[in-house]
Amino acid sequence: MSTHSNHPFHLVNYSPWPLTGALSSMTLMAGLVMWFHTFNISLVFLGLTITLMTMYQWWRDISREGCYQGMHTFDVTTGLRWGMILFIVSEILFFTAFFWAFFHNNLNPSISIGSTWPPLSIYPFNPFQIPLLNTIILLTSGITVTWAHHSILENNFTQSSYSLLLTVILGFYFTLLQAYEYMEAPFTIADSIYGTSFFMATGFHGLHVIIGTLFLLTCLIRHYNYHFSNNHHFGLEAAAWYWHFVDVVWLFLYTAMYWWGS
């Protein structure tokens with residue numbers, strides 16, 4: 001197939017990855033349902049394995065198109081930027097729903113939970129222990145990812161490597177601390193609207209941290225393979241935008257659910 005075109009846009013070739021991605025997501029969801037009801041985790045591992053393989057191969061193809069085939073022209077990159085902006089806007093609305101539910105029940109607690117917030121018999125987390133440490137970790141990671149972006153703009157390979165690696169480590173550290181916090185939690189997701197809204201909001205945020213960490217880890221691997229330059233690094237820029245979004249959401253979560261809501 002000829003790669004020549006007389007326009008600046010990228011018309012993608014046929015790819016199996018959207019199909020395998022959809023099938024793997026369906027398999028993973030079915031496996032989670034089976035795990036919840038029968039405690040059989042085999043289908044979860046199958047769906048997760050196919051999903052990770054699809055992610056790797058799809059990202060590999062996109063990296064090839066952008067770095068080696070010259071498909072990501074200025075117009076294409078502009079479209080990718082707008083796509084990332086709209087995606088982050090959709091994520092903002094996604095978390096808005098959780099905050100809406102939290103404040104609706106916080107500001108007007110029903111009689112079924114004792115007309116008080118937190119509900120009776122619920123002992124919330126101390127906001128000045130692990131939650132405060134996680135806040136410091138995420139704010140620090142926001143500084144390091146900004147450092148990485150500016151180092152790329154200055155073509156400083158060494159500082160970009162150090163700062164990206166440090167950001168990935170901080171992301172993993174945050175996830176480990178949140179997992180420990182969940183294991184030590186004095187309430188569960190089934191403990192009234194407080195437990196439900198708390199674990200749904202912080203749990204989905206934790207999932208976004210994991211996704212953002214994988215995003216940055218992929219950028220780190222691409223950086224070591226010299227995929228980025230000072231005028232061609234949208235992948236890293238998009239990862240930095242996403243990570244800053246995760247930071248801001250956490251600040252709202254910490255202020256509302258850990259500190260003020262407790």
Side-chain angles (χ1 to χ4, degrees), residues 28-29 31-33 35-36 39-42 44-45 47-49 51-52 55 91 94-95 98-99 101-102 105-106 117-145 148 162-220 239-240 242-262:
L28 182 59
M29 181 57 66
L32 288 171
V33 173
W35 179 32
F36 293 161
F39 302 102
N40 186 343
I41 204 170
S42 57
V44 173
F45 280 119
L48 186 61
T49 301
T51 300
L52 292 175
M55 288 165 56
E91 293 287 275
F94 176 78
F95 278 99
F98 294 126
F99 283 108
F102 178 81
N105 292 279
N106 183 313
W117 193 270
L120 297 175
S121 75
I122 294 289
Y123 299 97
F125 291 102
N126 186 338
F128 300 108
Q129 294 179 349
I130 290 181
L132 181 59
L133 177 58
N134 268 344
T135 303
I136 296 172
I137 289 170
L138 270 192
L139 290 177
T140 305
S141 69
I143 296 172
T144 56
V145 78
Y162 290 157
S163 52
L164 261 179
L165 178 61
L166 185 56
T167 307
V168 170
I169 292 173
L170 289 172
F172 277 120
Y173 188 32
F174 177 94
T175 301
L176 289 175
L177 284 176
Q178 189 171 38
Y180 174 76
E181 181 184 65
Y182 278 9
M183 288 188 292
E184 297 293 321
F187 55 91
T188 70
I189 195 172
D191 286 329
S192 78
I193 186 62
Y194 183 91
T196 302
S197 58
F198 176 87
F199 280 106
M200 285 293 289
T202 59
F204 270 110
H205 177 268
L207 178 62
H208 282 70
V209 170
I210 294 172
I211 293 171
T213 305
L214 291 175
F215 201 170
L216 291 167
L217 179 60
T218 303
C219 290
L220 179 62
Y242 187 84
W243 198 252
H244 288 311
F245 157 74
V246 168
D247 280 351
V248 172
V249 171
W250 175 257
L251 290 177
F252 280 102
L253 282 173
Y254 176 77
T255 303
M257 297 192 176
Y258 282 100
W259 179 62
W260 184 72
S262 63

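For reference, positions follow the sequence shown, starting with 1.
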Side chain to side chain donor-acceptor pair (under 3.5 Å) against [X], all qualifying residues, sequence neighbours excluded:
| X | value |
| --- | --- |
| H205 | none |
| T167 | T144 |
| T51 | S24 |
| S192 | none |

Can you list everything that forms a ring pair (Phe, Tyr, Trp, His ring centres under 6.0 Å) with [X]? Sequence neighbours excluded, please.
| X | value |
| --- | --- |
| F172 | none |
| Y182 | F199 |
| W260 | F103 |
| F215 | none |

Just distance, no hydrogens or angles: give the donor-acceptor pairs under 3.5 Å from side chains in residues 246-258, sequence neighbours left out.
{"residue": "W250", "atom": "NE1", "partner": "T135", "partner atom": "OG1", "Å": "2.9"}
{"residue": "Y254", "atom": "OH", "partner": "P127", "partner atom": "O", "Å": "2.8"}
{"residue": "T255", "atom": "OG1", "partner": "L251", "partner atom": "O", "Å": "2.8"}
{"residue": "Y258", "atom": "OH", "partner": "E181", "partner atom": "OE1", "Å": "2.9"}

Quick one: list whatever passes side chain to side chain contact (heavy atoms under 4.5 Å, CB included) with [X], sequence neighbours left out.
| X | result |
| --- | --- |
| M200 | F98, I189, T196, F204 |
| T188 | A190, D191 |
| L220 | L164, L165, L217, Y224 |

### Interatomic distance, L207 atom CG to Q178 atom CD [nearest 0.5 angstrom]
10.0 Å
